[in-house]
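In what follows, chains are A, B, ... by sequence order, proteins preceding strands, each numbered from 1.
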Protein chains: 2
Amino acid sequence: MTTRDRRRRVTIADVARHAGVSTTAVSKVLRSAYGVSPAMRERVRAAIDELGYRPHAAARAMRGRTYTIGVLLPDLRNPFFPDILDGLYGHLAATDYQVIIVTGGPDAKTETRAIDALVDRQVDGMLLVAPRVPRARLEEVAGGPPTVVLGPHEKSAVYDAVLDDDEIGAELVVRHLIGLGHRRIAHIGQREGTRGRAAAMLHTIRAVTYERVMREHGLEDEIAVALTSYSEEGGYRGARELLGRSPRPTAIFAGADLAAFGALTALHEAGLAVPADMSLAGYDNTRLAALSDISLTSVDQDGGVMGRTAGRLLLERIEGRTSSVHFSVTPTLVPRRSTAPPPPG
Amino acid sequence: MTTRDRRRRVTIADVARHAGVSTTAVSKVLRSAYGVSPAMRERVRAAIDELGYRPHAAARAMRGRTYTIGVLLPDLRNPFFPDILDGLYGHLAATDYQVIIVTGGPDAKTETRAIDALVDRQVDGMLLVAPRVPRARLEEVAGGPPTVVLGPHEKSAVYDAVLDDDEIGAELVVRHLIGLGHRRIAHIGQREGTRGRAAAMLHTIRAVTYERVMREHGLEDEIAVALTSYSEEGGYRGARELLGRSPRPTAIFAGADLAAFGALTALHEAGLAVPADMSLAGYDNTRLAALSDISLTSVDQDGGVMGRTAGRLLLERIEGRTSSVHFSVTPTLVPRRSTAPPPPG
DNA sequence: GTGAAAGCGCTAACAT
DNA sequence: ATGTTAGCGCTTTCAC
């Protein structure tokens with residue numbers, strides 16, 4: 001804590017002058033680079049403290065690192081994302097890296113802009129969570145800063161992938177519902193906006209797996225899917241649509257907890273009790289799913305581990321790794337009170 | 001969409017060469033500055049499109065604007081914050097400004113680091129949501145980029161303030177509960193971490209107002225406050241603490257919906273039904289509070305308007321305003337099923 | 001209306 | 001081990 005000049009920033013030159021050394025020396029100390037004597041290091045450190053100097057990230061960006069990790073999040077409402085970020089923060093806490101977050105917004109266009117913003121701000125690494133821009137764009141972008149893509153089941157030679165085994169997760173849910181005796185099980189998924197890579201998107205995998213398991217149990221005629229979005233509003237619309245069908249499903253598997261919350265509202269409006277009249281399951285095992293008044297059966301995919309791993313992979317890439325890594329977590333089912341045997345009759 | 005060089009960025013010099021003009025001209029077109037002929041503008045624009053040029057924000061930072069608005073959020077879990085950001089995005093959508101978000105983390109130290117990160121990245125403006133660093137630090141920081149502080153009831157000459165009239169909000173809740181017949185009304189608040197500015201913090205105002213209204217109704221002996229934090233976990237701990245008291249309260253006013261959610265878990269564990277055994281109210285009127293299974297009585301403070309206003313004030317400051325503005329929204333009560341008359345006896 | 005050139009704060013060759 | 005210096009991509013005087 002020292003007095004800081006209010007108009008002009010303290011620069012590396014000020015520090016150098018104050019310590020009576022060259023700017024190079026200061027720069028080296030800052031980056032703990034090779035070739036500084038302990039004595040020099042001490043003098044520089046002292047000068048830095050006295051002047052309250054902080055490196056100007058923007059200036060650094062022109063030459064070297066910014067010590068910034070950029071994160072793209074589809075939105076800020078999905079309560080699963082903070083789990084991922086907690087993991088990431090945990091891994092980066094001991095480093096000099098700072099995380100900045102941008103949101104992808106409503107469509108691929110705004111998402112592209114958000115990713116570009118990260119690149120233009122010269123982040124040292126990027127974590128793209130469930131991106132919906134075309135794959136080619138991802139590869140292009142990953143040609144710049146080291147990139148980890150979280151979500152899609154795609155293997156790439158240029159970026160690392162962190163993902164949940166959504167096939168296992170979806171299978172767990174559908175089998176669970178079938179095991180309870182349900183036959184008319186419906187699904188709320190996310191409509192593509194993703195030309196050319198639908199098959200790799202986690203929401204597609206959850207939906208496709210749902211259909212596969214239904215078929216494997218001879219329930220192909222009961223398949224009912226509403227494609228909206230993984231949001232509260234999407235869940236609401238999806239449930240409304242599914243409730244309009246006849247005969248009505250006895251269970252709904254929402255591809256995300258957030259969508260399940262929206263479905264809950266629709267069910268309530270329709271006067272249906274959960275699970276007495278309708279079972280409901282989600283995905284992500286967000287903290288809110290555990291709330292006793294909701295008690296939503298869900299799939300846990302350990303966002304903390306995913307975030308921590310993403311952080312590790314990013315730092316590894318920054319340090320020079322060029323080979324590509326794929327990391328997958330295996331989800332588990334967390335049965336709660338929102339699922340039960342279907343009503344008799 | 002054009003081919004972009006994979007190794008080297010397209011720079012302003014490339015564009016200038018391609019268009020057969022000077023870099024100055026390109027720069028002017030980019031910033032729609034004064035003194036470019038329509039013909040020149042056209043040629044430059046064409047070159048920009050052909051080359052797929054994007055300004056390098058980090059380089060811009062060295063001289064002029066970064067077209068970046070930095071937002072500090074205490075955390076990413078509070079579902080009220082996205083409401084604020086939606087408002088902000090709405091206001092900035094038509095501009096060239098990009099929003100980057102950092103989180104304040106667990107304490108004032110990490111928050112200071114987060115704010116510094118924004119400053120060091122040379123943002124053109126900052127929105128600090130419910131900051132907990134000392135007021136002096138805020139004033140110091142606001143001496144740099146234009147700053148809007150959202151939350152604290154502080155007037156400053158150097159930054160703008162956007163806030164909710166928390167006194168009215170808290171009063172609405174407590175009066176509502178008293179009106180229902182409750183006397184033993186407890187409060188879950190946030191423990192200070194904020195040396196020297198407690199009185200201005202919104203959580204303090206909610207707590208103090210609670211006590212004042214209780215006193216005004218002759219209920220000073222029934223005052224019971226648990227200070228934890230505005231988080232799920234904090235609400236859980238707070239409720240546990242309050243339930244341990246004897247006689248037990250018949251209603252709890254949580255200072256934030258998120259804390260109310262946590263309280264819900266504690267109440268359930270204790271085998272108490274809401275509102276039959278215990279009424280519960282929150283603050284923020286988050287979307288989740290409206291979920292029928294929760295149906296939480298809450299206070300609406302229109303985060304959208306707050307965010308939009310913050311955006312407007314920021315742009316005004318960037319354009320040169322130096323006088324200080326204070327903007328306050330008036331909250332309203334949204335009664336739902338979580339509050340009802342106390343159990344008889 | 002247009003362009004040449006200086007310089008923002010830093011890092012990385014390259015001397016010494 | 002330490003210092004000198006040339007840029008990174010852009011904006012901005014200041015000439016023309």
Side-chain angles (χ1 to χ4, degrees), chain A residues 4-5 7-44 47-48 51-68 96 116 119-124 144-145 318, chain B residues 5 7-44 47-48 51-68 96 116 119-122 124 144-145 318:
Chain A
R4 288 224 355 271
D5 195 320
R7 12 192 77 269
R8 208 179 59 79
R9 270 187 85 100
V10 178
T11 75
I12 205 172
D14 297 326
V15 176
R17 205 173 310 120
H18 193 84
V21 300
S22 72
T23 58
T24 305
V26 180
S27 176
K28 284 192 166 182
V29 170
L30 286 173
R31 295 172 291 118
S32 10
Y34 184 79
V36 262
S37 64
M40 161 86 65
R41 178 160 33 245
E42 259 331 292
R43 288 176 63 185
V44 171
I48 287 175
L51 299 178
Y53 167 80
R54 294 198 317 261
H56 190 307
R60 279 184 146 174
M62 299 293 293
R63 277 315 213 133
R65 298 186 184 174
T66 53
Y67 294 93
T68 309
D96 282 335
D116 285 347
V119 174
D120 297 345
R121 276 154 194 77
Q122 196 89 336
V123 294
D124 293 336
I318 292 174
Chain B
D5 194 318
R7 13 191 74 269
R8 208 179 59 80
R9 270 188 85 100
V10 178
T11 74
I12 205 173
D14 298 324
V15 176
R17 203 175 310 119
H18 194 83
V21 300
S22 73
T23 59
T24 306
V26 179
S27 175
K28 283 192 167 181
V29 171
L30 286 172
R31 294 171 292 118
S32 14
Y34 185 78
V36 261
S37 64
M40 161 86 69
R41 179 162 31 247
E42 258 333 291
R43 289 176 61 185
V44 172
I48 287 176
L51 298 178
Y53 166 80
R54 293 199 316 264
H56 190 305
R60 279 184 145 173
M62 298 293 293
R63 277 316 214 126
R65 298 186 183 173
T66 53
Y67 294 93
T68 308
D96 282 335
D116 285 348
V119 174
D120 297 344
R121 277 154 192 79
Q122 197 89 338
D124 293 335
I318 292 174

Student: Tell me which one of A:I48, A:V26, A:L51 satisfies side-chain contact (heavy atoms from CB on, under 4.5 Å) with A:D14.
Tutor: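 Checked A:I48, A:V26, A:L51 against A:D14; only one passes side-chain contact (heavy atoms from CB on, under 4.5 Å): A:L51.
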Student: In whole angstrom, give the distance that lies between atom CG of B:D120 and atom C1' of C:dG9.
Tutor: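 About 12 Å, once rounded to whole Å.
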Student: Under a 4.0 Å heavy-atom cut-off, which of residues 14-34 of chain A touch DNA chain C?
Tutor: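 When residues 14-34 of chain A is checked for heavy atoms under 4.0 Å from DNA chain C, the hits, listed by number, are A:T24, A:S27, A:R31.
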Student: Is the shortest side-chain heavy-atom distance between A:L30 and A:Y53 below 4.5 Å?
Tutor: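 A side-chain contact under 4.5 Å exists here.
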Student: Rounded to whole angstrom units, what separation is found between the CZ atom of B:R63 and the C1' atom of C:dA5?
Tutor: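 To the nearest whole Å, that distance equals 11 Å.
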Student: Determine whether the side chains of A:T68 and A:R121 contain a donor N or O and an acceptor N or O closer than 3.5 Å.
Tutor: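 The answer is no; no qualifying pair exists.
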Student: Figure out the OH/P separation between A:Y67 and C:dC10, and round it to whole Å.
Tutor: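 Between P of C:dC10 and OH of A:Y67: 13 Å.
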Student: Determine to 10° how strongly the helix from C:dG1-D:dC16 to C:dT16-D:dA1 is bent, judged from the axes of its five-pair ends.
Tutor: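 The end axes of the helix from C:dG1-D:dC16 to C:dT16-D:dA1 are about 40° apart, to the nearest 10°.
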Student: Return yes if a side-chain donor-acceptor contact under 3.5 Å exists between B:S27 and B:R31, otherwise no.
Tutor: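 The criterion, which ignores hydrogens and geometry beyond distance, is satisfied for B:R31 and B:S27.
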Student: In whole Å, I'd like the distance from the CD atom of B:E42 to the P atom of C:dG1.
Tutor: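 From B:E42 CD to C:dG1 P: 16 Å.
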Student: With heavy-atom distances below 4.5 Å as the criterion, would you say the side chains of B:V21 and B:V29 are in contact?
Tutor: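 Not touching, per the 4.5 Å side-chain cut-off.
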Student: Starting from P on C:dT2, measure out to CE on B:M40 and report it in whole angstrom.
Tutor: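 Spelled out: CE on B:M40 to P on C:dT2 is 4 Å.
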Student: Hey, which sits more toward the 5' end of DNA chain C by its nearest nucleotide, A:A13 or B:G35?
Tutor: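 Its nearest nucleotide lies further toward 5', so the answer is B:G35.
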Student: Go through DNA chain D in 5' to 3' direction and return only the first and the last nucleotide with some atom under 4.0 Å of chain A's heavy atoms.
Tutor: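 That gives a stretch of D:dA1 to D:dG9.
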Student: Taking all non-hydrogen atoms of both residues into account, name the closest pair between B:T66 and B:A57 and its distance.
Tutor: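 Minimum heavy-atom separation between B:T66 and B:A57: CG2-O, 4.0 Å.
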Student: B:D120 pairs by side-chain hydrogen bond (donor to acceptor under 3.5 Å, both in side chains) with which of A:H56, A:R9, A:R60?
Tutor: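 Going through the options one by one, the only one that passes is A:R9.
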Student: Report yes if some heavy atom in the side chain of A:I318 is under 4.5 Å from a heavy atom in the side chain of A:R65; otherwise report no.
Tutor: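 With C-beta onward as the side chain, the pair touches.
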Student: Please report the shortest heavy-atom distance between A:A58 and B:A61, naming the atom on each side.
Tutor: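 Closest heavy-atom pair between A:A58 and B:A61: CB-CB, 3.3 Å.
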Student: Closer than 4.0 Å, any side-chain N/O of A:T11 to the OP1 or OP2 of C:dC8?
Tutor: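 False: A:T11 side-chain N/O out of range (4.0 Å or more) of C:dC8 OP1/OP2.
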Student: Between B:M40 and B:A25, which heavy-atom pair has the shortest distance, and what is it?
Tutor: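 Closest approach of B:M40 to B:A25: SD-CB, 3.5 Å.
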Student: Please examine the side chains of A:V44 and A:K28, heavy atoms only from C-beta on, and report whether any two atoms are closer than 4.5 Å.
Tutor: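 Side-chain contact under 4.5 Å: no.
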